[in-house]
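Let me begin by presenting the structure, written as structure tokens, before commenting on it.
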Amino acid sequence: MTPKRGRFRTPLDPGALAFSSSLMVDRLLYREDIDGSRAHVAMLAQQGIIPAAAAKRIRAALVEIRREIETGRLVFSLDGKDGGRLAADDVHMAIEQRLVEKVGEIGKMVHTARSRNDQVALDERLYLRTATARLRGLIRDLRRTLTAKAKEYQDVVMPGYTHLQRAQPVLLAHHLLAYVAMFGRDDERLADALKRSARSPLGAAALAGTPFLIDRKAVAKELGLLGIVENSIDAVSDRDALLECIATCSIIMMHLSRLAEELVLWTTQEWHFAHIGEAFTTGSSIMPQKQNPDMAELVRGKTGRVYGDLIALLTVMKGLPLAYNRDMQEDKEPLFDAVDTTAASLDIMARMMTTVTFDAKRFDEELRKDFLLATELADYLVRKGMPFRTAYEIAGAIVRECADAACGLADLPLARYREHTRLFGVDVYQVLDPKESVRRKRSAGSTGTAEVRKALKQRL
Ligand code: ARG
């Protein structure tokens, strides 16, 4: 069916249709589009704008169309080839065309008091609601997996790093729980954005609203949304809700990428802190010995794509005058890509994490090297009454002395300690133990054994 084109004498050039159609991308929104149209039509009948019988026919036909799409009987295609029966601008026109095919003239009532501008904005917001639930479920799974790992290794002490230099002993559980906290904030961000996105723009029509006495709030309620987007110009020209979602996806990916990077580092022969299950690593086509952390690398790599999605949409929006501009059709690819990529990355990370094991022996070896307990020496002197900065100087001098003598802090005889200050007693050796260092941390949120136990009890 070639749609009539109102004021136009010439049909749209096929090349122009191919260039401008978003059908192959936005066909993903068929469910949202049908839900939105059904709610709209119910309201139109309720308000006496279209006959109740017409609304009933249209609503039933829309359910049939959904079934046709889901069973593959209705296939969208741009050129009508490949078994596809619809050639249309976008999913909204395609569904309307099919509706008119099915119910005839009354199908054309569906677009009363509505424009594709508010229709697409609604569909996207409905999509965001589903996407948010999907992402939040995956975040919960990952946080649970990380917490279970933390519990499994709750007594294991590892070197903590700053500047990628060994810094102080920390519990491995504490390190893993840092990621649980990061993803917890991402979850909050998604939940918070929903307060703004779960609102209906429908009824804004093209930009100015409509002379028909529609009930915008009833449509919002029918769709389970929190309310309406008040200003009609804002309702059709705003893409903040999409941007907030992609921005949150970008932050999630950044967090995943840091975890991925640590897995890559930790599974090298050089570090050898962790091992990823074989099912999540790959070999090399030439080097038989290789076991590569490809999943972690891909998560790290895909992060760039999601950042690209954010920049793409920000750039589309930045120069647009109000209200709707066709440029905005370019919003769907970045949105779908960011959501799908982030969902897939969260999912693979959770699955992979369940197979990760850590090497406590290797942590111990590294904890014995270097001077991770130098801060303990300074804190020891502070407890004996010395001001911190002086204690820091003395601990530094002791580190220098041990480094010159190529020995550890615990190997230096007490007499040598006492040459630095008489405040040193034989109890100094007690603090020179990584487990003891961790046990002694008492500040809220620290790596202290008791604090981490408490953190492990939080319910997710
Ligand atoms: N396919 C369009 C989009 O996604 C729908 C809105 C089109 N509106 C219009 N006036 N051309 O943005």
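In listed order, ligands and their atoms are each counted from 1.
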Student check: side-chain heavy atoms of Arg31 and Leu126 closer than 4.5 Å: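 Not touching, per the 4.5 Å side-chain cut-off.
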Selection [range] - residue pairs positive for salt bridge (Lys or Arg N to Asp or Glu O under 4.0 Å), sequence neighbours left out:
range            : result
residues 234-249 : Glu124-Arg239, Arg125-Asp238, Arg196-Glu244, Arg239-Asp331
residues 155-173 : Asp155-Arg453, Arg166-Glu366, Arg166-Asp370
residues 245-268 : Glu261-Arg300

Tyr179 and His175 aromatic ring geometry - parallel, tilted or perpendicular at 30°/60° bounds: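 His175 vs Tyr179 ring planes: tilted.
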Short N-O contact, Glu68 and Lys102, less than 4.0 angstrom: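 The answer is yes: the pair qualifies as a salt bridge.
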Pairs under 3.5 Å, N/O atoms on ligand 1 and on the protein: can you put them in a table with the distances?
| from | atom 1 | to | atom 2 | distance (Å) |
| --- | --- | --- | --- | --- |
| ligand 1 | 1 (N) | Ser22 | OG | 3.3 |
| ligand 1 | 1 (N) | Asp90 | OD2 | 2.8 |
| ligand 1 | 1 (N) | Gln329 | OE1 | 2.8 |
| ligand 1 | 4 (O) | Lys332 | NZ | 2.6 |
| ligand 1 | 8 (N) | Asn117 | OD1 | 3.0 |
| ligand 1 | 10 (N) | Asn117 | OD1 | 3.4 |
| ligand 1 | 12 (O) | Tyr324 | OH | 2.4 |

